[in-house]
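Quick note on labels: first sequence line is chain A, next is B, and so on, each numbered from 1. In this text, all values refer to a predicted model and were calculated from it rather than measured experimentally.
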2 protein chains.
Amino acid sequence: MKPLSIKDIAKKASVSITTVSFILNGKAREKRISEEVIKKVEDIIKEIGYKPNQIARSLRTGNTKTIGLLVEDISNPFFASIARLIEDKAYKKGYKISYSSTENDMEKANSLINMFRTRKVDAYIIAPVAGIEPVIRELIDDRKPVVFFDRTLAGVSTGSVVVDNFSGAYEATKHHILEGRKNIALVTVDMDVEQINERFEGYKKALKDAKIDFRSELVTKIDFSLSRESTVRELVTMFEARPEMDAVLFATNYLAVSGLMAIKELGKEIGKQFAVIAYDDHDIFRLHTPQISVVDQPIEQIADNVIDLILNKLSSGDKLKEIDKVKLMPKLIIR
Amino acid sequence: MKPLSIKDIAKKASVSITTVSFILNGKAREKRISEEVIKKVEDIIKEIGYKPNQIARSLRTGNTKTIGLLVEDISNPFFASIARLIEDKAYKKGYKISYSSTENDMEKANSLINMFRTRKVDAYIIAPVAGIEPVIRELIDDRKPVVFFDRTLAGVSTGSVVVDNFSGAYEATKHHILEGRKNIALVTVDMDVEQINERFEGYKKALKDAKIDFRSELVTKIDFSLSRESTVRELVTMFEARPEMDAVLFATNYLAVSGLMAIKELGKEIGKQFAVIAYDDHDIFRLHTPQISVVDQPIEQIADNVIDLILNKLSSGDKLKEIDKVKLMPKLIIR
DNA sequence: CTGAAAGCGCTAACAT
DNA sequence: ATGTTAGCGCTTTCAG
């Protein structure tokens, strides 16, 4: 059963397809089409359940009403939550979100962006990875709205929504210090992305401000592509090798989960002897015994700002430059 | 900067657009186009970085190389993991997955399916909700491949991949009984969907087989749309009202999370006095103190089977009927 | 072996 | 106030 086209409607209503198209696009008034024709056409549309072919429409108008969203990993709750919020908001404005996970892999990110391009998405929301600068520049040259979130790319100037990573790590580390911790470890990811680097800097600065020497042997960098099991393995070894350690800051939520597993395995007790702060709030940290303190990123605000920026760019034909760099503040939640 | 079209390539290579199109679609050999022309065209394509316009291609061929995936909630790790796996596999076959969350809302599901239709996705993978039978039938009439997963819809005959829910709940309940529990509660969701009903039946049957009377006051049905906080509230009240309860089975992962929060709040101890089994395995249950036993659904197998079914239907022009109903077995993991 | 041309379903300038 | 028509970029039949 072939789907009906605008032509069928026109025939059935004995009007031209133009008339139908105008009615379909809410231009009936503007074009002063008579009430009775409008009614007739609308009735027929409803009756036979006609749905415009979005593909044809896109080909004609050049826009797909779709926004491409590139996250690091959609099964990471931080990104999943943001994606959900963005999707809901975009949906209300008639946009569909098309998302994919880059896994922080430059090749994959490039290939996904190219997929988005061939599918002609109208705009891009991206948690960037290093090395994709060239293709991003092409997008911008193409006059496609691009908004970064979670991190930016030095050397590419476009809208962005980030959380102050330096300050998040700084405050967390400072809290450890104020609690009297002396040997504060940092577990982070071995990846040259802005937000990770900034968290590292925040950690170092807090130590410096407290006149505590930075000791590189207290910093563990885990390969992003390492499996959960291997990560836990590495952390177990690390914890065993540094018995003097009395506090740790995990730079990402998944590292914190692995870290907690390692700690559990070691039978190490979190509390007076040993303190933990994780990045990103999540059920798992609230439910843990004892509860885990976290650096909470304002997920809803991130989503709000991202979608506002992108919709603005979309509607203004990116004429307006305005404030398109947003920096939000994280919140240290002590438990 | 307007993107280049096939016409530009043709002009630059001084051949017709037909030739370019054949080369683009790997039909050069078949059409016996000369090696040198092929080489020339390919070089030009590479040089100017031409990307075919997928929209135009779709309009012409009638297929979009896109599969619509409807889950309950993409931020639920069970669905997120399946979506990731399906996406990876589909990507390798040249398909893009377009996903959305129904939130078990019939209206929303219908509207999303219609969005998929106007966007002409080639096939549908759906975790169905009651009430969408009519639109699903339309899809099937349209000859679109449809595969259900996680649950099916009575009265709609199409491919499906489900896990034996009856048996999952039965085994979990039986385990409680064998451990000597007498007052086993069930916390489930107030929703008429197949997998939930079957879990309920499994619970009842296990009790019956052990000659334990079913007591409706031990069953709590939580409204799906209730917030996390309210759910915890309700469960706290329930736990307080039933001090004799010595075991509980949670019918979904998110209910288990809420339940564990309620238990934590009450200071109730999980162990000898009180046993818990959750549905779906997840970090959070492994990391909990004490660790939580679970009914683990074979996520990878679900994804594999779903994608196989859909790709088969897609390539066979749904001629083949074959075994298109798969039922997998869950695994009880005792911790 | 390659080219011309029709047409997928829709929008919108231009006619009337 | 409504109709005619070109054309978005591509695939594919039919001709040569």
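- Rounded to an integer number of Å, the gap from B:Lys7 NZ to C:dA5 C1' is 12 Å.
- In this structure A:Asp304 satisfies the side chain to side chain donor-acceptor pair (under 3.5 Å) test together with A:Lys89, sequence neighbours excluded.
- When rounded to the nearest whole Å, the span between CG of B:Asp8 and C1' of D:dG9 equals 11 Å.
- At a non-hydrogen distance threshold of 4.0 Å, A:Val37, A:Leu59, A:Arg60 from residues 35-64 of chain A come into contact with DNA chain D.
- If you take CD1 of A:Ile9 and C1' of C:dG9, they are 12 Å apart, rounded to a whole angstrom.
- Every residue two or more places apart in sequence or in another chain that forms a ring pair (Phe, Tyr, Trp, His ring centres under 6.0 Å) with B:Phe224 is listed here: B:Tyr254.
- For the helix from C:dC1-D:dG16 to C:dT16-D:dA1, the end axes, each set by the C1' atoms of five terminal pairs, are bent relative to each other by 50° (nearest 10°).
- Scanning for side chain to side chain contact (heavy atoms under 4.5 Å, CB included) contacts around A:Asp308 gives an empty result, with sequence neighbours left out.
- Contacts of B:Thr19 classified as side chain to side chain donor-acceptor pair (under 3.5 Å), with partners at least two apart in sequence or in another chain: B:Ser16.
- Within residues 110-123 of chain A, no residue has any heavy atom closer than 4.0 Å to DNA chain D.
- Applying the salt bridge (charged side-chain N to carboxylate O under 4.0 Å, His left out) rule to pairs touching residues 5-19 of chain A yields nothing, sequence neighbours excluded.
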What donor-acceptor contacts under 3.5 angstrom involve side-chain atoms of residues 54-62 of chain B, with partners at least two apart or in another chain?
| from | atom 1 | to | atom 2 | distance (Å) |
| --- | --- | --- | --- | --- |
| B:Gln54 | NE2 | B:Ser58 | OG | 3.2 |
| B:Ser58 | OG | B:Gln54 | O | 2.8 |
| B:Ser58 | OG | B:Asn63 | O | 3.4 |
| B:Thr61 | OG1 | B:Arg57 | O | 2.9 |
| B:Thr61 | OG1 | B:Asn63 | N | 3.3 |
| B:Thr61 | OG1 | B:Asn63 | O | 3.4 |
| B:Thr61 | OG1 | B:Asn63 | OD1 | 3.2 |

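- Per the geometry, CZ belonging to B:Phe22 stands 8 Å off P belonging to D:dT12, to the nearest Å.
- In this structure, the side chain to side chain contact (heavy atoms under 4.5 Å, CB included) partners of B:Val41, at least two apart in sequence or on a different chain, are B:Ile9, B:Ala13, B:Val15, B:Val20, B:Ile23, B:Val37, B:Ile45.
- The residues B:Asp88 and B:Lys92 are annotated as not salt-bridged, no charged nitrogen and carboxylate oxygen being separated by less than 4.0 angstrom.
- Atom CD1 in A:Ile23 sits about 12 Å away from atom P in C:dT11, given to the nearest Å.
- For the pair B:Ile17 CD1 and D:dC8 C1', the computed distance is 13 Å after rounding to whole Å.
- The residue among B:Ser16 and A:Ser5 whose nearest nucleotide of DNA chain C lies closer to the 5′ end is B:Ser16.
- For the side chain to side chain donor-acceptor pair (under 3.5 Å) test, residues two or more places apart in sequence or in another chain that qualify with A:Asn104 are A:Glu72, A:Arg151.
- Of the possible polar contacts, none joining the A:Ser21 side chain to the A:Ile17 backbone as a donor-acceptor pair under 3.5 Å is found.
- Distances were taken from every side-chain heavy atom of B:Ser34 (C-beta onward) to each of C:dT2, C:dA5, D:dT2; the shortest belongs to C:dT2.
- Applying the 4.0 Å criterion to OP1 and OP2 of D:dT11, one finds that B:Thr18 has every side-chain N and O outside that range.
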From CA spacing to verdict: side chain to side chain donor-acceptor pair (under 3.5 Å), A:Ser111, B:Tyr91: CA-CA 11 Å; A:Ser111 129; B:Tyr91 185 74; 2.2 Å; yes
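- Going from atom NZ of B:Lys27 over to atom C1' of C:dC1 covers 16 Å, rounded to whole Å.
- As rounded to whole Å, 10 Å separates atom P of D:dG9 from atom CG of B:Leu4.
- In this structure A:Tyr99 satisfies the ring pair (Phe, Tyr, Trp, His ring centres under 6.0 Å) test together with B:Tyr99, sequence neighbours excluded.
- Base engagement by B:Ser21 is indicated by at least one non-hydrogen atom pair under 4.0 Å involving a base atom.
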